[in-house]
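Sequence lines set the chain letters: A, B, ... in the order given, protein chains first and strands last, and positions in each chain run from 1. Reckoned from all heavy atoms, side chains included, excluding hydrogens, waters and symmetry mates.
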Amino acid sequence: MKKKYMNPYLAGILLGTVLLLSMYISGRGLGASGGIKYCVVAITGAIDRSHTEDSPYYSKYFENGEKPFRNWLSFEIFGVIAGGFISGVVSKRNRFRIEKSPRITNTKRLFYAFTGGLLFVYGAQLARGCTSGAALSGMAVLSVAGFVTMIAIFGSAYIFAWFFRKNWI
Amino acid sequence: MRKKVSLFLFLCGLLLAILPLTGHRSFKIRPDNLVNQVLDPQVNYSVDEVAKLIVNGDSAIRLIDLRPRNEFIKAGIPGSINVPYEQFISEDPDIYLNDSKIKVILYGNDDFNSNYALVYCRGLGHDNAFVMDGGLNEWTRTIMESRFTGSRISARENALFEIRARASRIFNEINALPDSLRAVRLTASRFSARKLDGGCE
Amino acid sequence: MGPLTSAFAFSEWLNLLTAFMIGIGFGFALEQAGFSSSRKLVGMFYGYDTTVLKVFFTAAIFALVGSQILNYIGLLNLNQVYVNEFYVYASIIGGVIMGGGFIMGGYCPGTGLCAMSIGKVDAAVFIAGGLAGAFLFAETFPMIQGIADSGYRGAVRINEIFGISPGLFSFLLITAAIVMFWLAEKAEVRFARPEITNEL
Amino acid sequence: MIRLIKKYGLVMLVFGLVLAAVLFRAFSWSGFRYDASEWAEASKDGHNIVYFADKEKTVENSLTVDMGPAYSTFDGSSGKHIRISPDSILARDNFNLIRKHKGPVILKSSDPAIAARVWMIISQKGIKNVFILRDSADLQK
């Protein structure tokens, strides 16, 4: 039998402790979209080296023979996957399934998931951080960028929520 | 749970609001320890020692020139970085000193700014801060204007004067360049403060 | 004194090991909070489940308060902690795009990775979309570079804009958050969707 | 009441620890507790320097601390003179003399480096009104 989720406030304190530890040990916040970017950079670099060296965007990640995978952010997201899995094992929540509203089809859910992921990471690259990298970590150091990004994400999501309500409720 | 967490955060917030907490950064080490440290003669580098380091191209040292920018452009010790004293104090000097393996030698025109800065760095816990005794005035007097006046020169003196001569040649080479070129040369060696890692970049 | 990396000059493997360990903590906390469920996450926007708001603000404020107190008692030098740089237009436009992505995909990158790890297929597709998004960004970068780099304001802190001390701003933020927590719990009752929340 | 304590006991305990840590820091008099940058401010534009020539007219009821190494006697200045070697400047008795003195404290040393260093330490201990006496001799040095 799967266990219930942790109390949200307690979970918040747990997450806050992790963030504080990250600040204390490494002097930086948490991040997720950055790690995804490094994976893409590494994959593109492996497939087409000359393309990455010419591109104004990729090239900066290959300067002086740097290895994109050997990076704080990529190792952090490997940890996120491991940590999520451990938690799933502890609370017996590990199983394959598609989570969606019963009113929509699997294909539709997966299509929206793909589009959503594409948009989210695209926006995160533009804003130099996602909900964790910019909003959460940014707020914890009182950075203006953190607050603005947080308000932009949640504010616009509330507006868009009306258009996509059929997908969820 | 909501009430407990709210109460805890509220109390902490109150504490933060009442006490002038952040931006607050005081000296870390114990006062008596600081006195002992800064009165220890080994925090001093004589100009001859500095000249030797320059001539040998020692990469484990970094010279910081605390004079105003315009004076630095006119003439500066080769390889030094210009951080005017006001800026050095207002900014966080950690960015210049956080590599503890590199010795940072501070100098100004005279002995005042460099020694304030020395205590400032040591107080903030940087054991790698040193000072060039006498500042640039002493440098000019000893290195640039050094002439051997004795009758017989010993091997040791010979080595000393050789280093002085070479250091002053390096110094003159850079400072004899036309203004525009010299500015380029000096700003090229301007130290870029280590950028902090972070964010999703 | 903290951050430890600048005090002790971590070697590369140690630095990456810390990153991995912190990542484990991050993933564990997200999953335990229930962020591995997209319907729980978007519940925030329809009012039936406000876990996101509670966890997000508690975490941010806890880290904020903790870091400032550590700074005060001399254990952490906040000047050595990264402050995100502010690019006005990029933050707002990027934020709006992310908002759209959030409501369509139901995850954000961190929670998506975490949901993928416990076997959510939709989350895996979300991350695949994310990889495509990062690739697309890299390819279109020359076109949007103008937006991405314009309106640079540096690493400004919000209390500097209001001209108050960080402590006072934190206090105001905490008060606002406490009010929001209270409203959120009211909203959960008002917009309750037992048929969804019971399933989660 | 007991129910309240039971309910919030843990919260109060944790907060109490935080409070204790902060208070301990705030009242630890032995260390430095002032903002380093703010208390170094006076040194930026040389406001902390008095010249030998105008010492008399600018400074009254001063306490002159001569720190050697070559002690010098000079006349024509008002106020008290004491000799303290720089390494014992923070010894309790010596430091109390400086701290409790109402009026300017003037540091004097034949080595300007020592005067500058001691000035910075004393200022960071939160003492305003500390000056360095700079005479023409060390201008030439």
Side-chain angles (χ1 to χ4, degrees), chain A residues 5-6 8 11-12 14-16 18-20 22 24-25 27-28 32-33 36-37 40 57 72 75-76 79-81 83-85 87-88 94 96 98 110 112-114 116-123 125-127 130-132 138-145 148-149 152-153 156-157 160-161, chain C residues 2-5 16 19-20 22-25 27-29 31-34 45 51 54-55 58-60 62-64 66 81-84 86 91 94-99 101-105 108-110 113-114 117-119 121-122 125-126 129-130 132-135 137-138 141 156-158:
Chain A
Y5 293 115
M6 199 187 266
L14 180 63
L15 183 55
V18 174
L19 177 53
L20 189 58
S22 173
Y24 182 69
I25 297 173
R28 57 192 297 165
S33 56
I36 293 179
K37 174 187 66 190
V40 169
Y57 184 78
W72 203 93
F75 269 73
E76 192 210 355
V80 169
I81 296 174
F85 185 79
S87 165
N94 284 358
F96 285 105
I98 296 175
L110 294 183
Y112 275 114
F114 188 85
L118 192 146
L119 283 177
F120 208 124
V121 176
Y122 193 92
Q125 297 311 313
L126 189 57
C130 56
T131 28
S132 15
M139 275 173 68
V141 291
L142 290 176
S143 95
V144 180
V148 170
T149 315
I153 295 176
S156 63
F160 294 133
Chain C
L4 298 183
T5 38
L16 295 181
F20 188 69
I22 286 171
I24 289 184
F28 189 85
E31 213 287 328
Q32 284 297 315
F45 303 108
T51 308
K54 296 176 197 165
V55 174
T58 313
F62 186 82
L64 173 62
V81 174
Y82 180 81
V83 177
N84 305 54
F86 185 36
S91 284
V96 171
I97 297 174
M98 281 191 268
F102 201 166
I103 204 71
M104 288 165 95
C108 58
L113 286 165
C114 173
S117 72
I118 64 157
V121 178
D122 49 335
V125 175
F126 179 89
F135 180 72
F137 183 83
F141 183 68
V156 268
R157 289 197 167 89
I158 194 157

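- When all heavy atoms are compared, the tightest approach of N84(C) to G138(A) is OD1-CA, 3.6 Å.
- Closest non-hydrogen pair, V141(A) versus R157(C), comes out as O-NE, 3.4 Å.
- When all heavy atoms of G133(C) and V121(A) are compared, the closest pair comes out as C-CG1, 4.4 Å.
- For Y57(A) and F137(C), the ring centers sit closer than 6.0 Å to each other.
- Within the model, atoms CD1 of I81(A) and CD1 of I118(C) stand 13.0 Å from one another, a figure rounded to the nearest 0.5 Å.
- The two residues A134(C) and V40(A) make their nearest non-hydrogen contact at CB-CG2, 3.7 Å.
- Nearest heavy-atom pair across L110(A) and D122(C) is CD2-CA, 3.7 Å.
- Annotation: side chain of L19(A) is not in contact with side chain of F62(C) (no heavy-atom distance under 4.5 Å).
- With sequence neighbours excluded, no residue forms a salt bridge (Lys or Arg N to Asp or Glu O under 4.0 Å) with E76(A).
- When each of I97(C), I24(C), I22(C) is scored by its heavy-atom pairs under 4.5 Å with chain A, the top score falls to I24(C).
- For a residue to count as touching a neighbouring chain, one of its non-hydrogen atoms must lie under 4.5 Å from one of that chain's; by this rule F141(C) touches chain A with the side chain only.
- Closest non-hydrogen pair, A33(C) versus A11(A), comes out as CB-CB, 3.5 Å.
- Contact count versus chain A (heavy atoms, under 4.5 Å) is highest, among G27(C), S91(C), G25(C), for G27(C).
- Considering only residues two or more places apart in sequence or on other chains, F126(C) meets the ring pair (Phe, Tyr, Trp, His ring centres under 6.0 Å) condition with Y107(C).
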Candidate pair F120(A) and C108(C), rule side-chain contact (heavy atoms from CB on, under 4.5 Å), full reasoning: CA-CA 7 Å; F120(A) 208 124; C108(C) 58; 3.3 Å; yes
side-chain contact (heavy atoms from CB on, under 4.5 Å) between V18(A) and F28(C), intermediate numbers included: CA-CA 10 Å; V18(A) 174; F28(C) 189 85; over 6 Å; no
